[in-house]
Amino acid sequence: MVATPIGNLEDISLRALDSLARADAHHGLKAKLVAVHEHNERRAADWIVEELARGRNIALVTDAGTPAVSDPGATVVAKARAAGFKIVPVPGPNAAVTALSAAGIPDGPFLFVGFLPAKPGSRRKALEALSALPYTLVLYEAPHRVVECVQDMATTLGTERIVVVARELTKMFEQLHRCVLSEAAAWLEADPDRRRGEFVLIAEGAAVRDQGVKLEWERVLATLLAELPLAHSVRLACKLTGAKKKAVYARALELAHEMNTRRA
């Protein structure tokens, strides 16, 4: 399993080059080229297992990046391992991890989603299932669907959630743009060049964003309670921050009790 560059050819590793040079069948160089894709993977996997049984060395690559990650390869690996052959990963470039490293999202767990369904209804349904998860979401998207995708993300995940739009990673026209989801579609539509290339979209996890909102409205509420009546403070805090009235009111009662206790 040999990872190859996602754009910049200088990112190829010496180990990857050596693995490809020693393979009897792989994608590129002077060895035999064997296509493995979603429509023929099971049949190709059987052929690969047969070749391995003959003592041949096979290198599996994808068009760019790490094989079997949002690309065919898992079936080949499973069948080769079941047949008793050793699977050797040769690490290297990966678009998701490359984008995540430059996103500036707080360190913590992330969920690699890959490509969402192409149909709008199915895509929104998939996003709704992800909306409450406390993990940074890492998605891939094609240029002709990226605007629709970020619009659906804003609708399902929330307009104020931070998103990083990464395109053409490691290439000459690489871009990484950070904004809230409500601004992402407009940024993409402002320049046709921003809709070119393959995309990685990284969105904050629900817990990260909700925690920030909670801290904001609690701070606002505490400031208002020091000067205004409780009901007025709750109404203003909700209006200013968009927080839920029930949660703000409950917290206001607690803060008011604490303030009265200190005064006593």
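Within the 4.5 Å cutoff, the side chain of Pro5 has no heavy atoms near those of the Thr170 side chain. The shortest distance between side-chain heavy atoms of Leu157 and Leu181 falls below 4.5 Å. For the pair Leu52 and Asn57, the minimum side-chain heavy-atom distance is 4.5 Å or more. Side chains of Glu51 and Ile58 form a contact here, defined as non-hydrogen atoms less than 4.5 Å apart. Residues Cys238 and Val234 form a side-chain contact, since some pair of their non-hydrogen atoms from C-beta on lies under 4.5 Å apart. Considering only heavy atoms from C-beta on, Val2 stays 4.5 Å or farther from Leu60 through its side chain. Two residues are said to be in side-chain contact when any heavy atoms from C-beta on lie closer than 4.5 Å; Arg251 and Trp217 meet this criterion. Side chains of Leu139 and Val200 form no contact here, defined as non-hydrogen atoms less than 4.5 Å apart.
The backbone N or O of Ala118 lies less than 3.5 Å from a partner atom in the side chain of Arg123, making a donor-acceptor pair.
Pairing each heavy atom of Leu201 with each of Glu141, the nearest pair is CD1-CB, 4.2 Å. Taking every heavy atom of both residues into account, Ala102 and Leu176 meet most closely at CB-CD2, 3.7 Å. In terms of heavy-atom proximity, Gly104 sits nearest to Arg178 at O-NH1, 3.3 Å. Residues Ala126 and Pro117 share a closest heavy-atom pair of CB-CD, 4.0 Å. The nearest pair of heavy atoms linking Ala59 to Leu20 is CB-CD2, 3.9 Å.
In this structure, Asn8 CG and Glu168 CD are separated by 12.0 Å, a value rounded to the nearest 0.5 Å. Between the CG atom of Leu224 and the CG atom of Leu255 there is a distance of 11.0 Å, given to the nearest 0.5 Å.
Around atom CZ of Phe112, more than 12 heavy atoms belonging to other residues, nucleotides or ligands sit under 6.0 Å away. Within a 6.0 Å radius of CD in Glu254, other residues, nucleotides and ligands contribute more than 12 heavy atoms. Counting heavy atoms of neighbouring residues, nucleotides and ligands inside a 6.0 Å radius, atom CZ of Phe115 exceeds 12 of them.
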Below 3.5 Å, can you tabulate the donor-acceptor pairs from side chains in residues 73-101 to any protein atom, sequence neighbours excluded?
| residue | atom | partner | partner atom | Å |
| --- | --- | --- | --- | --- |
| Lys79 | NZ | Asp46 | OD1 | 2.8 |
| Asn94 | OD1 | Ala96 | N | 3.1 |
| Asn94 | OD1 | Val97 | N | 2.9 |
| Thr98 | OG1 | Asn94 | O | 2.7 |
| Ser101 | OG | Thr98 | O | 2.7 |

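Taking the charged nitrogens against the carboxylate oxygens, Glu148 and Arg145 have no contact shorter than 4.0 Å, which rules out a salt bridge. Salt bridge status for Glu174 with Lys171: absent, with no side-chain N to carboxylate O gap under 4.0 Å.
By the 30° and 60° cut-offs, the orientation of the rings of Trp187 relative to His177 is parallel.
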Let me see the working for Asp193 and Arg196 under salt bridge (charged side-chain N to carboxylate O under 4.0 Å, His left out), right down to the final yes or no.
CA-CA 5 Å; Asp193 287 337; Arg196 300 181 189 276; 2.8 Å; yes

